[in-house]
Amino acid sequence: MQKLLYLSLLAAAFWTRGCCKRGNEQKIPYPFFESDLQKQYGKITKEELKIAQEQVENMFWFGYGNYMKHAFPLDELDPIHCKGRGPDYDNPENININDALGAYSLTLVDSLTSLAIFGNKTAFHQAVQLVIDNVNFENDVTVQVFEATIRVIGSLLSTHLILTNENPYIGGEMSMNDYDGELLTMTHDLANRLLVAFANTNTQIPYPRVNLLKGVLPDTINETCTAGAGSLVLEFGILSKLLNDGTYEKLARIVNDNLWLRRNLNTGLLGNVIDIQTGEWKGILSGTGAGIDSYYEYLLKAFILFGSNEDYLRFKDSAENLDKHLRHTKIDQDGNKYGLPFYTNVDMRDGSILNTWIDSLQASFPGVKVLAGDLRDAVVLHGFYYVLWQKYEGLPERFNWQLKTPDVEFYPLRPEFAESTYLLYQATKSPFYQHVGREIIDALNKHTRVVCGFATIHSVHDKSLEDRMESFFLSETCKYLYLLFNEDHPINANQERIVFSTEGHPFPVLERFQTNDKLFFSEENNFEQYISVNDSCASFKPVDNAILPLDEIALQKLYNLISFSNSISLS
C-alpha cells in the first residue's frame, strides 16, 4: 500500500495538482487582454456548459446510432452514403484501410468504453453482448499489430475491467450479471494471434502486420515504425497482469529495450522507421509526431500504471534530448532570435532540421507534457495548434511552417487536439480550454456532419469531404470533448487514478498492476525532485479569476507563424 500511495501522489503531481504552485496572482499589463480577450475567454456559465455537453452527446449518439443502423457488423461507417466498410479484400496493399479494419466490428469494439463513460448502461451492456455474440478473430485479414492492439485489445481490456468493477472511477456500477470474462478470453485469443509477429525477427522487434488466420505472410515487409513497435506495453502489460502470464508484457518490454539500445549515442534520439532484421534505422526522422509519438507517451504512462523506474528514467532522458535537439530557434525580420513553439523534425544523428513540416499527431504532445508536469510548455505547444485550428477549423495532416501552408490537407477527425485541450483544462481549470472545445464542436458540426454521421475532411481549404468515419472519432474525439464539459464526471474527480491509453481507453491505477521495482523515491528521499521532468509550471499565473494561459501578444506571435498576415483573428 505504501508503494501505491507514492504512485498515487506521483500521478496527482503529473496532473499538476501538486507541482503547479501558481504563486501570487499577476495581471498582464495589456488593456486588450484585460478587456476584450478577458471577456472572450472568460468563465463559461453552467447553462453554456450544459449546452456544450448536450451537443457532444448528440454528436456521439448520432455517429454511433448510424454506425449500428447502417454499418454493423462491418468495421466502419461511410457516413455520406450510409453504408458499412470492411477490409479492402480486392486491394491488400491498401494499408490505409486494411491496417485498422480486421472484419471484427471495429467501431463497435472501439466505442465500448465511450458508451460506459457516456453513462448509458443499457446501451453499454447491449454493445458488450453484441461483441460477445458476433465478434471473432478467425478472419483471413492482415492487420497492423499496433492498430489491433490499441483499438481492439485496449478496448476489450478496459471494458473487462469496467464490467468486473475493477475500474470504479468511471462512474456508476456497470457490471453485467451474466458476464463471465468473455472479453478477456477474446483478448487472449487476439493477442496470441499477434504473437507470431515477434517470432523470426533477429532484433525481437515485431513484424508490423499479421494475418489473423495465417500469421506473418511471406511478403510482409521487414520495416516497422518506432511508435508501432514501441507502444504495446500498456495493453500487453495489463493482459499479462490479468492472465497472470508474463509473456505478453515481457515481449513488449524486450521490444522497448531493443529500440532504446539503438538510439543514437550522439543525440540520444531514435529514428522513426527500423529494420526488424538488421536493426538498421531506415527512417532517420526524430520528432514527436507520426511514427514515433506514442513511444514517448507510453514510457511515461507505463511508469504511472506499472511503477517501473526504468520507464520513467527513459522518459526523462528522452524529454531532455527532445528539448535539446528539437526545439530550434528562428530569426525574425528585426533580427531577434526566438524559439519555435513546437518540436521540429530532425535528423536523429545530429539534431539538424530534416524538414519544415509538423503533423497533426503532434497535437497530442501537449497532453504528454501535462502528465510530465511541464505545464508552461504544454500551454505554448497547444497554443500553436489552437491558432492552426482557428485558421482552418480543423487540423491539416501536415502543415509546412516554413511555407505557412498545409503539405497534406486532409483531417480525419483525429482526437489529439481535443485530448490535449481536455488535459490542459483539467490541469489549469482555465475557461480558455472550454472555449477552445466549443470551437471544436462548432467546426465539426458545421463542416463534417453529414446525413449519417461525421465525415473526414478531404481538404481543410475548401472543406470537401471523404466518405469515412474512423473509429477513433467515437472512441476518443467525442469522449474527450464530453469529459471537457461534464465537469462532475467521476473520471474528472478521480483523474489521478486513471491512465488513458493512446486510443482513449481508461485504465485504472491499481496496486496489483505495480511492479516489484524498488522506487527511486522513498520517504527518505526528496520526493519533489522526481515529480516532473521540467518544473516550469510555477510560472503559470491566474488573471482576474479566469486563468487565461496566453495573452494577446503571445497569440499574435503564434498566429504569425502560420499566416502571412500580421493580424490575428480571435473570433
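Just so you know, residue 1 is the first one in the sequence shown, and it goes up from there.
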*Counting N and O atoms only, with roles assigned by atom type, does the side chain of Asp359 sit under 3.5 Å from a partner on the main chain of Gly289, one being a donor and the other an acceptor?*
no
*Is there a donor in the side chain of Ser294 and an acceptor in the side chain of Ser231, or the other way round, less than 3.5 Å apart?*
yes
*Would you call the rings of Trp61 and Tyr64 parallel, tilted or perpendicular if under 30° counts as parallel and over 60° as perpendicular?*
perpendicular
_Nearest non-hydrogen partners of Ala443 and Trp389, listed with the distance_ = CB-CZ2, 3.8 Å
*Hey, what's the ring geometry for Tyr41 with Phe432, parallel, tilted or perpendicular (30° and 60° as the breaks)?*
tilted
*Regarding Glu297 and Thr502, is there a side-chain donor-to-acceptor distance under 3.5 Å anywhere?*
yes
*Side-chain donor-acceptor pair under 3.5 Å between Asp293 and Tyr298, yes or no?*
no
*Starting from the C-alpha separation in whole Å, work towards a yes-or-no answer on side-chain hydrogen bond (donor to acceptor under 3.5 Å, both in side chains) for Asn492 and Glu487.*
CA-CA 7 Å; Asn492 294 330; Glu487 294 183 326; over 6 Å; no
*Taking all non-hydrogen atoms of both residues into account, name the closest pair between Leu115 and Ala127 and its distance.*
CD1-CB, 3.4 Å
*Distance only, no hydrogens: is a donor on one side chain within 3.5 Å (strictly under) of an acceptor on the other, for Thr107 and Glu76?*
no
*Would you kindly say whether Glu416 and Tyr480 are connected by a side-chain donor-acceptor distance under 3.5 Å?*
no
*Do we see a donor-acceptor contact under 3.5 Å between the side chains of Thr45 and Glu47?*
no
*Is the gap between the ring centers of Tyr312 and Phe303 under 6.0 Å?*
yes
*Answer yes when Arg193 and Glu138 have at least one side-chain N-carboxylate O distance shorter than 4.0 Å, and no when they do not.*
yes
*Stepwise, does the side-chain hydrogen bond (donor to acceptor under 3.5 Å, both in side chains) test hold for Tyr248 with Asn192?*
CA-CA 9 Å; Tyr248 308 93; Asn192 285 342; 2.6 Å; yes
*Taking atom types as modelled, is there a side-chain donor on His382 or Ser420 under 3.5 Å from an acceptor on the other?*
no
